[in-house]
Amino acid sequence: MTPVAEPQTLHRYDATRADEIETRWQRHWLASGAFRAPNPGDADFDPAKPKYYILDMFPYPSGAGLHVGHPEGYTATDIITRYKVACGFNVLHPMGWDAFGLPAEQYAVQTGVHPAITTQSAIDNFRRQLQRLGFRYDWSREFATIDPDYYRWTQWIWLRAYHSYYDTTSMRAMPIAELGARIEHDDALITLVDGSQVRWSASTPLQQQSHLDGFRLAYLGEQTVNWCPVLGTVLANEEIIDGRSERGGHPVFRLPLRQWMFRITAYAQRLLDDLTLVQWPDSTRAMQSQWIGRSEGAELRFEVEGFGDLTVFTTRPDTLFGATYMVVAPEHPIVEWVCSQGGAHRNATEEYVAWSRNRSDVDRQAESREKTGIALGVTAINPATREAIPVWIADYVLMAYGTGAIMAVPAHDERDFEFATRFDLPIRQVVAAKDGCAWTGERATSDEGIACHSSSTSISIDGMETAAATQKMIAWITTTGIGCARVNFRLRDWLFSRQRYWGEPFPIVFDQQGMHYPVAETALPVRLPALVDYTPIESDHPMPPLGKATQWVTTTAGEAGVDSSLLDADTPVRREINTMPGWAGSCWYYLRYCDPKNAARFADPTLQKYWMGERGVDLYIGGAEHAVLHLLYARFWHKLLFDLGEVFTPEPFAKLFHQGMITSFAFERADGSLLATDAVREESGKWFEIATGEPATRVIAKMSKSLKNVVTPDEVIAEYGADTLRLYEMSMGPLADSKPWNTRDIAGVFRFLQRVWRLAIDERTGEVLTARIVDPGVERQLHRTIHKVAQDIERLAFNTAIASLIELVNSATRPTEMKDPSQGGLTQDQMRRFLGVLAPFAPHMAEELWMQIGETGSVTTAPWPAFDASQLVADTIELPVQISGKIRARVLVPTGADASAIESIVLADMKVQELLAGRAPKKVIVVPQRMVNLLV
RNA sequence: AGGCCUGUGGCGGAAUUGGCAGACGCAGCGGACUUAAAAUCCGCAGAGUUCACCCUCAUCCGGGUUCAAGUCCCGGCGGGCCUACCA
């Protein structure tokens with residue numbers, strides 16, 4: 001509770017005063033352009049300064065506004081920004097809005113207000129809340145992804161990908177026109193959808209286009225997609241959790257659909273390799289690397305009579321002799337072939353395929369992974385044993401990974417073992433344990449070992465260790481033409497179409513034959529039409545809402561902006577009605593900040609080169625929930641633009657840091673059920689459920705409406721002010737940790753700010769108070785504080801930096817009984833330096849006192865205060881003396897004393913002599929500056 | 001099931017490279033000021049024993065390495081996050 005000011009403390013720092021000070025300086029800073037970061041070429045740009053680009057993850061402005069979790073990362077970047085400016089850097093610290101996407105659309109559908117309106121008010125609210133925290137953003141660079149001037153370039157980048165393919169020899173993106181020209185020149189054979197081959201010159205334009213689509217980095221491909229009928233859209237694999245949509249938790253079904261895709265898999269190796277170039281948390285790099293999922297192994301072909309080759313991917317080609325059956329995914333082409341052949345198994349097969357297709361991932365999960373499957377009724381030849389082995393279908397084999405077919409080695413793979421046991425298929429041991437333990441046959445052994453029972457007339461790997469056996473097997477399958485070594489990635493191509501209204505339109509149209517044509521770059525942006533009815537069409541088949549904009553959809557090539565050399569201007573065309581996913585705008589926003597108003601380019605290369613420098617964004621702070629999705633997508637776009645000569649660093653974000661989550665308290669009954677914070681009462685440090693009187697325990701939980709433990713910045717600012725909120729969030733603990741919000745603790749930092757105020761201002765009169773003479777102890781501590789705060793900011797340890805500021809203020813605080821205030825506190829010069837180090841944390845308080853004590857200019861442009869290294873250490877230090885490892889005494893030694901000097905001081909010490917009682921230590925360990933250990 | 005992270009007072013946390021465990025803050029206790037209270041200022045404060053000296057025990061539990069372990073190693077237990085039939 002903020003006390004009401006009494007007459008004798010009219011000038012106390014309280015919530016009212018904080019509000020007055022903060023809003024006044026915020027207005028001043030904004031009006032004077034104090035936070036503008038000049039670009040190279042601007043009149044006030046100083047080229048002598050080094051650059052520093054610090055970025056917060058693009059916020060998605062939700063209708064609910066900020067909660068106290070948001071300002072945690074933003075306060076951290078703000079502190080660093082202000083510190084770096086004080087250290088003489090040109091700092092780029094921008095803010096903007098990731099404003100397209102599903103939540104805005106859903107919110108709009110719920111409220112019946114157009115997403116453009118709800119999004120704009122959410123943005124305005126977010127901006128107001130951020131500005132009320134006094135963050136040093138260069139607001140002149142602000143933009144939103146929904147601005148046509150921005151999404152024009154999102155579309156432009158997509159077109160660049162559309163016009164490119166990945167050249168596997170030079171390992172980079174190249175213009176697709178060059179590939180087309182080469183194919184045309186060679187009149188190469190192209191493979192059609194039905195598998196037949198035809199010369200380029202003899203193929204239709206549609207066939208040619210479809211062939212090139214097989215290379216484009218942004219391409220139209222038929223994919224089994226994750227269809228969510230409730231949301232009315234398809235979702236990326238990453239947007240699905242446990243078979244349900246990440247947003248809303250609705251069931252998701254698989255469905256084949258022609259959709260725009262990104263060939264991110266072409267970049268799998270580079271995305272993996274370049275993780276070594278960035279300074280990112282190990283956990284995040286590990287997650288990306290697991291997501292990319294590189295595995296080395298071999299591709300092997302098994303012959304199926306009448307069908308041809310059934311190709312599998314395996315990481316254990318050394319177990320080929322143990323492959324006693326094969327399994328294909330229900331979507332595998334061989335299944336359709338078998339059905340087309342008729343036969344006894346046809347009906348059962350079709351039934352199984354239909355059943356497994358309709359089964360959502362949720363069901364698969366619910367059935368606790370009990371393996372299901374059915375024999376396909378055909379056999380394949382194991383190329384090593386020449387045995388005919390049965391082919392089965394099972395949905396534990398995924399069409400999207402490898403080739404959609406596996407060779408099953410039940411003896412050495414747990415999944416295959418489970419399946420073989422269930423369906424009574426043969427199990428053959430081909431790897432013996434290294435330790436000689438006998439094979440029991442009771443479970444699969446997937447460890448490496450010694451090959452056995454792996455011999456035929458043409459090859460034997462018996463007695464070889466797994467690694468060597470694998471190598472020999474790969475050599476054999478390569479020379480015999482059965483297969484080859486292969487690297488497989490778990491990463492799949494990125495589904496980029498959404499059946500939504502609130503997203504970037506694709507700059508693409510289709511003619512009546514179904515050929516697609518790009519909109520010319522000069523005709524961008526393709527504006528999102530204003531739609532009155534944007535509600536999703538809930539159906540079993542995807543129906544994008546943009547289809548309702550019939551005037552917009554049905555147009556001519558000329559009207560849509562297709563180059564007339566591609567298509568006659570009056571050719572009737574239909575626009576693409578899918579839109580880009582929410583991720584699109586956040587893939588390159590950090591580039592736009594370098595030059596946000598540029599109408600001719602996405603960013604001027606000179607400006608981009610300056611701010612991005614050699615390694616990209618210097619520090620990127622945001623939540624770990626984006627460890628895979630956003631960060632992988634943005635890296636992919638960046639590498640694509642790098643190949644195309646549009647950006648100049650291999651990676652976008654040099655250093656990454658994740659702030660932890662701010663949690664809250666909730667209460668738990670004895671049975672483990674949760675109670676809202678207003679359902680309990682506290683009594684002498686214990687909690688009881690109000691309704692029943694039963695004891696409850698305090699637990700840490702996520703902030704949620706239902707637990708009534710959500711805290712918003714607005715309410716904290718109203719009670720204490722923004723400086724207190726900032727200080728509290730930073731003092732809670734390490735930035736990276738998840739920490740519980742404890743309203744009671746805020747008073748601690750508020751009282752600290754009141755002591756700072758009282759140090760400089762007489763609470764009764766409002767007069768400025770300064771010490772007349774320098775207290776040498778305080779002076780030394782001030783130097784130490786300046787040094788420590790700088791060090792702590794550099795390592796993002798704001799909590800300990802604040803602790804040292806508090807210690808300094810506590811030392812300088814005047815006792816109540818001090819009659820003459822000039823006898824204590826800080827001198828004006830000391831106060832000036834202290835405000836310099838306080839400013840990054842509590843900028844409003846620092847700015848106000850800066851003015852009050854009569855300093856000129858603004859603390860926001862003042863250089864970081866200097867410290868004297870000789871002041872950091874005292875003349876003498878107290879060292880603990882251990883005797884046989886236990887601390888028994890302490891001695892004072894000169895700070896610079898070396899080991900032998902310390903030893904003689906210690907041995908001469910009365911207390912030590914008494915403790916030794918005449919014994920001579922067997923060994924003396926002296927660690928200067930630390931401690932002494934005497935072993936007796 | 002696997003991978004990564006984590007466990008320190010009543011609570012949030014500090015201890016940056018193995019070197020005085022518990023900085024700083026909250027809550028608590030005592031004192032000064034006050035008619036009184038609040039606020040402020042000054043102190044106390046890991047646990048234990050007969051005190052404030054001393055001593056003993058203390059960083060989830062059990063081992064180990066070391067002159068020295070919250071920190072390093074091995075095993076176990078608890079909490080969190082991610083992945084989840086990836087062949």
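Values in this document were obtained by computation on a predicted structure and should not be read as measured data. Side-chain atoms are counted along with the backbone in the values below, which use heavy atoms only and exclude waters and symmetry mates. Residue numbering restarts at 1 for every chain, and letters A, B, ... go by the order of the sequence lines.
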To the nearest angstrom, how far is [X] atom [atom1] from [N] atom [atom2]?
X      : N     : atom1 : atom2 : result
A:I746 : B:G25 : CD1   : C1'   : 12 Å
A:Q290 : B:C82 : CD    : P     : 13 Å
A:W741 : B:G25 : CH2   : C1'   : 14 Å
A:R490 : B:U83 : CZ    : P     : 9 Å
A:R285 : B:C5  : CZ    : P     : 12 Å
A:D282 : B:C81 : CG    : C1'   : 15 Å
A:I887 : B:C57 : CD1   : P     : 13 Å

For the side chain of [X], counting heavy atoms from C-beta on, which of [options] is nearest?
X      : options             : answer
A:A803 : B:G19, B:A23, B:U83 : B:A23
A:P880 : B:C41, B:C20, B:G19 : B:C20
A:R930 : B:A21, B:G19, B:A87 : B:G19
A:S295 : B:A87, B:C20, B:G25 : B:A87

Sequence neighbours left out, what passes ring-ring contact (aromatic ring centres under 6.0 Å, His included) with A:F688? Give chain and number order.
->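 Result, ring-ring contact (aromatic ring centres under 6.0 Å, His included) vs A:F688: none returned.
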Rounding to an integer number of angstrom, what distance separates [N] and [M] when you compare their [atom1] atoms?
N     : M     : atom1 : answer
B:A23 : B:G13 : P     : 15 Å
B:G70 : B:C20 : C1'   : 14 Å
B:C74 : B:C5  : P     : 13 Å
B:A14 : B:C24 : C1'   : 8 Å
B:U8  : B:G12 : P     : 7 Å
B:G2  : B:C85 : C1'   : 13 Å
B:C61 : B:A36 : P     : 49 Å
B:U65 : B:G80 : P     : 35 Å

Distance-only check: which donor-acceptor pairs under 3.5 Å involve side-chain atoms of residues 813-826 of chain A, not counting sequence neighbours?
{"residue": "A:T813", "atom": "OG1", "partner": "A:V809", "partner atom": "O", "Å": "2.6"}
{"residue": "A:R814", "atom": "NE", "partner": "A:P821", "partner atom": "O", "Å": "2.6"}
{"residue": "A:R814", "atom": "NE", "partner": "A:G824", "partner atom": "O", "Å": "3.2"}
{"residue": "A:R814", "atom": "NH1", "partner": "A:L759", "partner atom": "O", "Å": "3.1"}
{"residue": "A:R814", "atom": "NH2", "partner": "A:L759", "partner atom": "O", "Å": "3.2"}
{"residue": "A:R814", "atom": "NH2", "partner": "A:G824", "partner atom": "O", "Å": "3.4"}
{"residue": "A:D820", "atom": "OD1", "partner": "A:S822", "partner atom": "N", "Å": "3.0"}
{"residue": "A:D820", "atom": "OD1", "partner": "A:S822", "partner atom": "OG", "Å": "2.8"}
{"residue": "A:D820", "atom": "OD2", "partner": "A:R772", "partner atom": "NH2", "Å": "3.3"}
{"residue": "A:D820", "atom": "OD2", "partner": "A:S822", "partner atom": "OG", "Å": "3.0"}
{"residue": "A:D820", "atom": "OD2", "partner": "A:Q823", "partner atom": "NE2", "Å": "3.3"}
{"residue": "A:S822", "atom": "OG", "partner": "A:R772", "partner atom": "NH2", "Å": "2.7"}

Presence of donor-acceptor pair under 3.5 Å, side chain of A:R890 and base of B:C20 =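 Side chain to base: pair present.
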If the cut-off is 4.0 Å, is [X] near the phosphate of [N], judged by side-chain N/O to OP1 or OP2?
X      : N     : result
A:R888 : B:C55 : yes
A:R758 : B:A39 : no
A:S804 : B:A23 : no

Nucleotide forming a Watson-Crick or wobble pair with [N], both distances under 3.5 Å:
N     : result
B:C29 : B:G43
B:C72 : B:G64
B:U83 : B:A1
B:G22 : none
B:G78 : B:U6

With a non-hydrogen cut-off below 4.0 angstrom, is [X] in contact with a base, only sugar-phosphate, or nothing?
X      : value
A:S884 : nothing
A:I925 : base
A:Q929 : nothing
A:I406 : base
A:M931 : base

Chi-angle category of B:C82 [syn within 90° of 0, anti beyond] |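 Base orientation: anti.
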Syn or anti for B:G9, taking syn as within 90° of 0?
->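 With its glycosidic angle within 90° of zero, B:G9 counts as syn.
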Name the residue closer to the 5' end of RNA chain B, choosing between A:N488 and A:K886 according to the nucleotide with the nearest heavy atom.
->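 Final value for this comparison: A:K886.
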5' precedence on RNA chain B between A:I806 and A:K702 (nearest-nucleotide basis) |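 The 5'-side residue here is A:I806.
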Tell me whether the guanidinium CZ or amine NZ of A:R490 lies under 6.0 angstrom from the six-membered ring centre of A:W291 and within 45° of its axis.
->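 Output yes; distance and angle both within limits.
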Can you tell me if CZ on A:R443 sees more than 12 non-hydrogen neighbours from other groups inside 6.0 Å?
->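 Not buried by this count: 12 neighbours or fewer within 6.0 Å.
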With a 4.0 Å heavy-atom cut-off, tell me which residues in residues 311-323 of chain A come close to RNA chain B, sorted by residue number.
->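 Correct list: A:F313, A:T314, A:T315.
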Report yes or no: do [X] and [Y] form a side-chain donor-acceptor pair below 3.5 Å?
X      : Y      : answer
A:N488 : A:S295 : no
A:Q781 : A:S811 : yes
A:Y396 : A:T372 : no
A:T265 : A:D493 : yes

On the 0 to 90° scale, with breaks at 30° and 60°, tag the A:Y401-A:F313 ring pair as parallel, tilted or perpendicular.
->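 Correct class here is perpendicular.
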Set out, line by line, the N/O atom pairs under 3.5 Å between protein and nucleotides 27-32 of chain B.
{"residue": "B:A27", "atom": "OP2", "partner": "A:R751", "partner atom": "NH2", "Å": "3.1"}

Take A:F419 and A:Y325 through the test ring pair (Phe, Tyr, Trp, His ring centres under 6.0 Å) and record every step on the way to the result.
-> CA-CA 11 Å; A:F419 191 81; A:Y325 65 100; 5.8 Å; yes
Ion pair [X]/[Y], N-O distance below 4.0 Å:
X      : Y      : result
A:D14  : A:R12  : no
A:D318 : A:R316 : yes
A:K739 : A:E72  : yes

Assess whether ring pair (Phe, Tyr, Trp, His ring centres under 6.0 Å) is satisfied between A:Y728 and A:W741, documenting all intermediate values.
-> CA-CA 9 Å; A:Y728 174 61; A:W741 184 271; 4.8 Å; yes
Among all residues two or more places apart in sequence or in another chain, which pass the side-chain hydrogen bond (donor to acceptor under 3.5 Å, both in side chains) test with A:H332?
->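 None.
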Can you check each nucleotide of nucleotides 10-16 of chain B against protein heavy atoms at under 4.0 Å and return B for base, S for sugar-phosphate only, - for none, in 5' to 3' order?
-> -SSSSSB
